[in-house]
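The structure appears right after this line, and notes come after that.
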Amino acid sequence: SGFTMYVYNQLGISLPHGATPQLKYGTYVSRSELQPGDLVFFSDGSYPASHVGIYVGNNRMLHCGDPIQYSDITSSYWQQHFYQFGRLPSP
């Protein structure tokens, strides 16, 4: 969530810290509506959303790993932990 805060701050969008507060800040979008720049939320079961990435197209997201990395959101790990997609308001 710190990564998404930083990226969107560069675009003039101030996000709260934490994946769940960011989830509540945006609006739900379906997979068919998904566009680059939308957020992808995941849950490990402890919070509604425990991890967030930025969708970049072609089923891939950019997210904070070790280091920042691209991942395929259709991989079995991310599919098992998927929560929802979200779109942020325009600046």
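Keep in mind that the numbers below use all heavy atoms, side chains included, and drop hydrogens, waters and symmetry copies. Along the sequence shown, residues are numbered consecutively beginning with 1.
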Among all residues two or more places apart in sequence or in another chain, which pass the side chain to side chain donor-acceptor pair (under 3.5 Å) test with [X]?
X     : result
Gln35 : none
Ser46 : Asp44
Ser76 : none
Asp72 : Thr74

Single-linkage hydrophobic cluster Val40~Leu11, side-chain heavy atoms < 4.5 angstrom: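 Result: no, two separate clusters.
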Set of ring pair (Phe, Tyr, Trp, His ring centres under 6.0 Å) partners for [X], sequence neighbours left out:
X     : answer
Phe82 : Phe85
Tyr83 : none
Tyr77 : His81

I need the full list of salt bridge (charged side-chain N to carboxylate O under 4.0 Å, His left out) pairs touching [range], with sequence neighbours left out, sorted by first then second residue.
range          : result
residues 1-21  : none
residues 6-19  : none
residues 28-41 : Asp38-Arg87

Closest heavy-atom pair and its distance - Met5, Leu15: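 That closest heavy-atom pairing would be CG-O, 3.6 Å.
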Reported CG-to-OG distance for the pair Asn59 and Ser71, which is rounded to 0.5 angstrom: 12.5 Å
Identify every side-chain donor-acceptor pair in residues 16-26 under 3.5 Å, counting partners at least two apart or on other chains, and give the distances.
from  : atom 1 : to    : atom 2 : distance (Å)
Thr20 : OG1    : Ala49 : N      : 3.1
Thr20 : OG1    : Ala49 : O      : 2.8
Gln22 : OE1    : Thr4  : OG1    : 2.7
Gln22 : NE2    : Ser1  : O      : 3.0
Gln22 : NE2    : Thr4  : OG1    : 3.2
Gln22 : NE2    : Pro16 : O      : 3.0

Residue pairs, two or more places apart or on separate chains, that pass ring pair (Phe, Tyr, Trp, His ring centres under 6.0 Å) and touch residues 40-68: Phe42-Trp78, His51-His63, His51-Trp78, His63-Trp78
